[in-house]
Each structure stands twice: as structure tokens, then as C-alpha cells.
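Just below is one structure, and these are the notes that go with it.
Just so you know, these numbers use all the heavy atoms, side chains as well, and skip hydrogens, waters and symmetry mates. Below, chains carry the letters A, B, ... as their sequence lines are ordered, and counting in each starts from 1.
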There are 2 protein chains.
Amino acid sequence: MPDHPEPDHEPDNLQLVHLLRAVAVDFGLRQAEFATRNGMHPTDVRALICLLDAARAAEPATAGLLGARLGLNSAGTTAVIDRLERLGHVARIRDEHDRRRILLRVEPAAIRLGREFFGPLIDGVLRVLDSFDPAERDAVRRFLTAAHTVFASDPQP
Amino acid sequence: MPDHPEPDHEPDNLQLVHLLRAVAVDFGLRQAEFATRNGMHPTDVRALICLLDAARAAEPATAGLLGARLGLNSAGTTAVIDRLERLGHVARIRDEHDRRRILLRVEPAAIRLGREFFGPLIDGVLRVLDSFDPAERDAVRRFLTAAHTVFASDPQP
DNA sequence: GGCGATAATCTCGCTTAACGAGATATTACC
DNA sequence: GGTAATATCTCGTTAAGCGAGATTATCGCC
């Protein structure tokens with residue numbers, strides 16, 4: 001529900017915000033397409049992305065963390081993991097240091113599946129970025145960082 | 001599922017793609033937050049956004065078009081409209097030119113609700129954009145346009 | 001070193017979003 | 001004017017996610 005906020009800005013800039021939103025919507029649709037194409041649900045795909053992000057950041061990917069990131073309660077989290085495990089995309093591993101916890105490992109087959117689908121899309125964007133000079137790339141980075149900061153800030157009261 | 005695609009690009013650019021994805025995810029979370037805060041479901045919010053986009057583009061917002069954009073079948077589409085109508089956010093209007101069709105009008109109260117929630121967020125992004133010079137704005141526009149083109153292109157076989 | 005409090009995950013039952021199939025009403029084609 | 005095509009809705013079913021509570025493991029305290 002994007003329409004014009006408070007007044008008094010360049011109208012061109014508002015158009016950029018609309019573009020950003022359109023990209024976000026596109027991304028969601030692609031995620032959903034990848035999901036149905038592989039017998040999954042959008043939430044399952046979000047879960048895989050979340051687990052890969054955690055792996056990249058070297059965070060321990062526990063069931064609880066996953067549920068928190070996805071906004072699911074514990075029952076829903078268990079269900080997501082069950083589905084992913086049944087498809088062979090994720091393995092449950094008891095944490096030997098704290099045996100209450102379940103660590104989640106994304107299987108290589110799932111990573112390959114994601115790369116097949118998203119690789120060409122990412123490559124398309126990268127090809128455009130390669131044609132940018134450093135100042136332009138920096139402008140993009142500052143814009144995205146600002147958007148990330150604004151949209152990720154803690155919920156309003 | 002974002003990880004490294006084919007090789008041979010600036011690693012900094014890949015980081016920009018990750019940032020873009022993060023923003024898309026943030027946006028989805030905010031959408032979900034707005035939904036639950038107003039007794040709706042994420043799909044309902046996506047429907048409202050879709051209807052407002054159609055209004056801005058001066059397209060006729062029919063039930064069928066809405067369902068197609070959301071990827072729902074006709075039963076699901078009817079259900080979404082029922083929920084929005086029950087909350088008073090949308091009105092069903094018979095198209096007098098083709099009396100099979102239902103036109104959908106977003107009520108002003110719903111628009112106000114969206115502006116209250118998303119206005120400050122949009123404003124935050126606009127404030128940053130106002131500090132950009134025209135060349136930087138153009139870089140952002142080209143980047144977003146490219147991403148939109150890549151992500152919105154027709155489904156792969 | 002054992003005991004209650006806390007934490008992490010799972011089980012059960014329920015609500016309901018979305019699906020498939022088919023009904024209904026309106027328009028377009030020949 | 002009758003039949004095909006289109007737009008929406010109804011009905012019954014599946015399963016995603018929730019709330020409540022059970023289960024198992026760890027930690028702090030005396």
C-alpha cells in the first residue's frame with residue numbers, strides 16, 4: 001500500500017520507491033514459483049534461504065532461530081523442518097554441546113537446486129552491475145543499505 | 001536461495017545482490033506485520049497493493065485480474081475479496097458494460113490505513129534519495145529497472 | 001550432587017487459506 | 001437462437017499454521 005506519503009519530495013524519487021517495491025514483489029513471486037516447481041511451499045523456500053544466510057554468517061542454525069526468523073511458532077517450525085527433511089533438503093543434527101538443540105544442515109542437493117533456478121537470475125543482475133562504474137555501484141549500495149535500514153528497523157509501537 | 005551463481009564476477013557486486021534480496025525479505029516481513037496488525041493475511045495486503053497499482057495504471061481492477069496477479073484460482077480469489085469486503089476495505093461493483101465482471105474499488109479508509117503504516121517507511125527512503133545527485137539517482141533507477149526486468153521476465157520452461 | 005526453574009523441540013487438536021470440480025449467469029460467435 | 005466462451009461464485013477437501021501442553025535436556029542454587 002504504497003501510495004503517496006507525506007508531501008514535498010521529488011516525484012521522480014517516489015517512482016524509484018515504487019520500482020523498489022515492484023522488485024520486491026517480483027522476488028516474492030519467483031520464490032513462490034520455485035516453491036511449487038519443487039513441491040514446496042513459499043515458507044519452505046524462505047526457510048532454506050534463512051538457513052543458508054545463517055551458514056554464510058557462521059551462525060548456528062537451530063530450529064528455534066529459524067522459527068523466530070520466519071515468524072512461526074514452535075509447532076509451525078517443526079512442520080517446516082519435517083517437510084524439508086522429508087524432501088531430503090535438510091538434515092536434523094543433535095547439537096552435542098547442548099543436546100536440547102537441533103542443528104539444521106542444508107543438503108548439497110538443495111543448494112544445487114536453488115543455484116539452477118536463481119543462478120541465471122542473479123547472473124542477469126550481475127551483468128548489469130558489471131557495466132557500472134565504482135561511483136554508480138556505490139550509489140546503489142548506499143540506496144539499498146538505506147532501504148534495508150529503514151525496512152528492518154524495529155516494529156513501530 | 002541466493003548463493004554464488006556461475007563464477008567470474010566482482011564479488012562486491014554479489015554482495016549488492018544479497019543486499020537487494022535482504023530488502024525484498026524485509027519488505028515481505030513488513031507486509032506481514034501490517035497484515036496481522038490489521039486483522040488481515042499477507043495475501044490480502046498483496047491484493048490491496050495490486051488493486052492500487054491497477055488504479056494508478058488506470059486498468060480496470062476486476063476479480064479475475066486480481067486472482068491472476070496473485071496466482072490464486074477463482075475460489076481463492078473470491079475468498080480474498082470476501083475478506084476485504086467484510087473489513088470494508090474494498091467494494092464489489094458490477095461492471096455495467098459487461099455484467100459478468102466485478103470491479104473492485106479500494107475504499108479511502110484502507111488507503112489511509114496503508115499510508116499511516118507505510119508512509120513513514122517510504123519517507124525514510126525518500127529522505128535518502130533527496131540527498132542523491134541526478135547521476136546517482138539515475139544509477140539507482142537503472143539498477144532497479146534491470147532487476148525488475150530480470151525478475152519479472154516470463155517463467156523459465 | 002540432587003532439585004526446581006528454564007529452555008528447546010515435539011505432539012495433538014483446531015481453524016481456515018487455498019485448491020479442484022462444478023454450478024450459475026452473462027456475453028460473443030456463427 | 002443456440003452453442004461456445006468468459007467471469008464469478010459455491011461446495012467439499014487438503015494441509016499450513018496456531019495454541020496449549022507434553023517431553024527431554026540444561027543450568028543455577030542451596
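For R101(A), the side-chain atoms get nearest to dA8(C) when compared with the rest of dA18(C), dA8(C), dT26(D). The listed nucleotides are dA5(D), dC19(C), dG17(D); the one nearest the side chain of R100(B) is dA5(D). When distances run from any side-chain atom of S74(A) to the nucleotides dC9(D), dG17(D), dA20(D), the shortest one goes to dA20(D). The nucleotide whose nearest atom lies closest to any side-chain atom of N73(B) is, among dT27(C), dG20(C), dC9(D), dG20(C). Taking only side-chain atoms of I102(A), from C-beta outward, the nucleotide of dT9(C), dC18(D), dC19(C) with the closest atom is dT9(C). Distance from the side chain of A75(A) is smallest to dG19(D) among dC9(D), dG19(D), dC19(C). The side chain of R99(B) has dT27(C) as its nearest neighbour among dG17(D), dA7(D), dT27(C). Looking at the side chain of T62(B), the nearest of the listed nucleotides dC10(C), dC9(D), dT8(D) is dT8(D).
Nearest heavy atom pair, residue A147(B) against residue V125(A), reads CA-CG2, 4.3 Å.
R94(B) comes within contact range of no nucleotide atom at all, as no heavy-atom separation falls under 4.0 Å.
A donor-acceptor pair under 3.5 Å is absent between the side-chain atoms of R46(B) and the main chain of Q31(B), judged by distance alone.
Looking at D53(A) and R56(A), a side-chain N of the basic residue comes within less than 4.0 Å of a carboxylate O on the acidic one, giving a salt bridge. Salt-bridge formation is detected for the pair D138(A)/R142(A): a Lys NZ or Arg NE/NH1/NH2 atom is positioned less than 4.0 Å from an Asp or Glu carboxylate oxygen.
We find that CG of L66(A) is positioned 10 Å from P of dT9(C), with the value rounded to whole Å.
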